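The block underneath contains the structure these notes are about, expressed in structure tokens.
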2 protein chains.
Amino acid sequence: MSLRHALLALLTARPMTGYDLAKQFDVSVAYVWHAPHSQIYPELRKLEASGLVSAESTPRGSQATKRTYSITEEGRAELRRWVEEVAPPLPERDAAHLKATYYEFGSFANARRQFEGHLAYHQRQQLKWQIHVAQLEKHDTDLLRRRLAIEPEHTHDAIVAYKVHVYRGLVERARVEVEWAREGLALVDRLEAAETARRSAGD
Amino acid sequence: MSLRHALLALLTARPMTGYDLAKQFDVSVAYVWHAPHSQIYPELRKLEASGLVSAESTPRGSQATKRTYSITEEGRAELRRWVEEVAPPLPERDAAHLKATYYEFGSFANARRQFEGHLAYHQRQQLKWQIHVAQLEKHDTDLLRRRLAIEPEHTHDAIVAYKVHVYRGLVERARVEVEWAREGLALVDRLEAAETARRSAGD
DNA sequence: ACAGCCATGTAAGTCGTTACATGATTGC
DNA sequence: GCAATCATGTAACGACTTACATGGCTGT
């Protein structure tokens, strides 16, 4: 049930349309919780039905309407309740590590290809997060600036610090994945060398 | 689609019942891919229907039957295909980090409680994985021994090495999470001290 | 007799993915 | 006029969760 709370949290910065929210899910929140627009629009309707957000409709052209959502006082209360709640950790589901457990079913070339993919992906992630940390530290994101503009100044440090801490954590996590992939490549080299030695000895 | 492949991989060690497989999902595979028995039994039926596993039924009592599944040659081929396939990384979904982004909506006491929970959980995980690494290195798990018993000796190094590498990676990952939680606790201390100073200055 | 483990399932519901589908506005 | 972006949805399907439900075997 994290989607609804991610939406509520985003709406504390400013009222937004489903489209705006979907974009935010691509550039910031999505780094920790992904959601496509096909999930966002129905969820906003549900949030509206339960009174956690309110919607203002404005006409666009002759047939279409634009719906701008704002968080309600009940929505804020729900957000506080969620933050205070201790959630049991989600069950592990890590396709990359599962597959790596069984690389022996493929070739050395394949293991290398897989580790290289892992390496490249997490290097990109690391960079993305590093940039995000730098932006947060300079208050250089639209959403953060809007959020700070409406909150009392003495709370700004905490608001920024928690976010910076999260994204620094993700930078570190990506660094560990990159290291793991590099060590994986070294492992494949060792295994292949041993295999080659065995073959020439056996001949 | 990882569940089916995890099941196939487990069956390369020895034929097993759904119950056996469910237990394995609790003690080893589940560390990387969790699945409850209510998902395993229907999936085995599907695998059987597509010819990737075969089942042998033996009667138990008057009404019940036990079904023991074995991997087929097609199943092994599918496993090789899966290992060789480069899969796009799953979209991020990290409830703990999402919530931490918004700890400012709760109290300092809450942030502390959350970080402490994170710390305790990943410490347990780290220990569990360390133990698993040690067991793998000593070939001290039933499944691994059975797997090695039926594979040619020159492949043993690779079979063990990939698994050890995976679980060492998970130990490292858990270590980073523990560190992140500790730094989170230090952050809360700093934020609270600043808040206290501000209040006494304001009085 | 009872507990604990062995063993296999179903059912209802939610969450998430992928694809389909449509229309409006802005700037070139 | 056209492309890009703004904007909002639905539908079908598959993955996963939680709860319910049943029966057998082994040892005390």
Side-chain angles (χ1 to χ4, degrees), chain A residues 1-7 10 14-27 29-30 32-50 53 55-69 87-95 98 142, chain B residues 1-7 10 15-27 29-30 32-50 53 55-69 82 87-95 98 142:
Chain A
M1 294 249 65
S2 285
L3 174 57
R4 60 191 307 107
H5 297 109
L7 292 171
L10 287 172
R14 66 174 174 93
M16 279 188 262
T17 65
Y19 184 83
D20 293 331
L21 286 160
K23 261 198 314 183
Q24 287 303 323
F25 268 85
D26 280 345
V27 298
V29 195
V32 284
W33 199 272
H34 167 82
H37 75 271
S38 63
Q39 222 186 335
I40 291 170
Y41 287 114
E43 190 62 41
L44 284 168
R45 294 289 185 154
K46 281 190 219 163
L47 285 168
E48 194 191 357
S50 41
V53 303
E56 200 200 344
S57 293
T58 53
R60 290 175 64 238
S62 49
Q63 293 147 71
T65 46
K66 180 161 95 161
R67 296 171 62 80
T68 305
Y69 292 92
L90 293 177
E92 304 288 334
R93 233 155 231 145
D94 182 335
L98 173 62
D142 180 58
Chain B
M1 295 249 62
S2 287
L3 174 56
R4 60 190 309 106
H5 297 110
L7 292 171
L10 287 172
M16 277 188 264
T17 64
Y19 184 84
D20 293 332
L21 286 160
K23 261 198 313 183
Q24 287 303 323
F25 268 84
D26 280 346
V27 298
V29 195
V32 283
W33 198 273
H34 168 81
H37 75 270
S38 64
Q39 220 187 335
I40 291 169
Y41 287 113
E43 190 63 41
L44 284 168
R45 293 290 184 154
K46 282 191 218 162
L47 285 169
E48 193 191 359
S50 41
V53 303
E56 202 200 343
S57 292
T58 53
R60 291 174 62 238
S62 50
Q63 294 147 68
T65 47
K66 179 163 97 161
R67 298 171 62 80
T68 305
Y69 292 93
W82 169 68
L90 292 177
E92 305 287 335
R93 234 158 232 139
D94 183 336
L98 173 62
D142 180 58

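Residue numbers start from 1 in every chain, and the chains themselves are labelled A, B, ... in the order their sequence lines are given, proteins ahead of strands. All figures in this text were calculated on a predicted structure; none of them were measured in a lab.
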I need the CD1-P distance between Ile40(A) and dG9(D), as an integer number of Å. 12 Å
Closest heavy-atom pair and its distance - Trp33(A), Leu98(B): CB-CD2, 4.1 Å
For a quick test of reading the model, state the closest non-hydrogen atom pair linking Pro59(B) to Thr65(B) and the distance between them. CA-CG2, 4.0 Å
Note: Gly18(B) and Ile40(B) closest approach over all heavy atoms is O-CG2, 4.1 Å
From CG of Leu98(A) over to C1' of dA15(D), roughly how many Å is that when rounded to an integer? 15 Å
Do Arg45(A) and Arg67(A) have side chains that approach each other closer than 4.5 Å (heavy atoms only, starting at C-beta)? yes
Nearest whole angstrom, please: distance from the C1' of dT17(C) to the CG of Leu90(B). 11 Å
Rounded distance in Å - CE (Met16(B)) to P (dA7(C)): 12 Å
Does dG9(C) have OP1 or OP2 sitting under 4.0 Å from an N or O in the side chain of Arg45(B)? yes
How close or far is atom C1' of dC25(D) from atom CD of Gln63(B), stated in whole angstroms? 14 Å
Hey, does Val32(B) have a side-chain heavy atom less than 4.5 Å from the side chain of Glu92(A)? no
Need to verify one output field. Residue with the more 5' nearest nucleotide on DNA chain C, Glu43(A) or Asp20(B)? Asp20(B)
Between Tyr19(B) and Tyr41(B) the two heavy atoms that sit nearest each other are N-OH, 3.4 Å
Not counting sequence neighbours, which residues clear salt bridge (charged side-chain N to carboxylate O under 4.0 Å, His left out) with Asp142(A)? List them please. Arg14(A), Arg146(A)
Closest non-hydrogen contact found for Met16(A) with Leu10(A) is CE-O, 3.3 Å
Between the protein and nucleotides 2-6 of chain C, are there any N/O to N/O pairs under 3.5 Å, and if so, what are the atom names and distances?
| unit_1 | atom_1 | unit_2 | atom_2 | d |
| --- | --- | --- | --- | --- |
| dC6(C) | OP2 | Tyr19(B) | OH | 2.7 |
| dC6(C) | O2 | Arg60(B) | NH2 | 3.2 |

Give me, pair by pair, the N or O atoms of the protein and of nucleotides 18-20 of chain C that are less than 3.5 Å apart, along with how far apart they are.
| unit_1 | atom_1 | unit_2 | atom_2 | d |
| --- | --- | --- | --- | --- |
| dT18(C) | O4 | Ser38(A) | OG | 2.7 |

Please state how far atom CG in Asp26(B) lies from atom C1' in dA7(C), giving the value in whole angstrom units. 15 Å
Does Arg93(A) have a side-chain nitrogen or oxygen under 4.0 Å from the phosphate oxygens OP1 or OP2 of dC15(C)? no
Nearest-nucleotide 5' precedence on DNA chain C, Arg67(B) against Leu3(A): Arg67(B)
Options dA24(C), dT10(C), dG24(D), nucleotide nearest the side-chain atoms of Pro42(B): dT10(C)
Minimum-distance nucleotide (side-chain atoms of Trp33(B) versus dG23(D), dC16(D), dG16(C)): dC16(D)
Would you mind reading off the distance between His34(A) atom NE2 and dC15(C) atom C1', rounded to a whole angstrom? 12 Å
Please give, in whole Å, the distance from dG13(C) C1' to Met1(A) CE? 12 Å
Just compare dT17(D), dG16(C), dA7(D) and give me whichever is closest to any side-chain atom of Thr17(A). dA7(D)
What closest approach, in Å, do Pro42(B) and His37(B) show between heavy atoms, and which atom pair accounts for it? CD-O, 4.3 Å
Within the structure, does a side-chain N or O atom of Tyr41(A) lie under 4.0 Å from either OP1 or OP2 of dG9(D)? no
Compare all side-chain heavy atoms of His5(A) with those of Ser2(A) and state whether any distance is below 4.5 angstrom. no
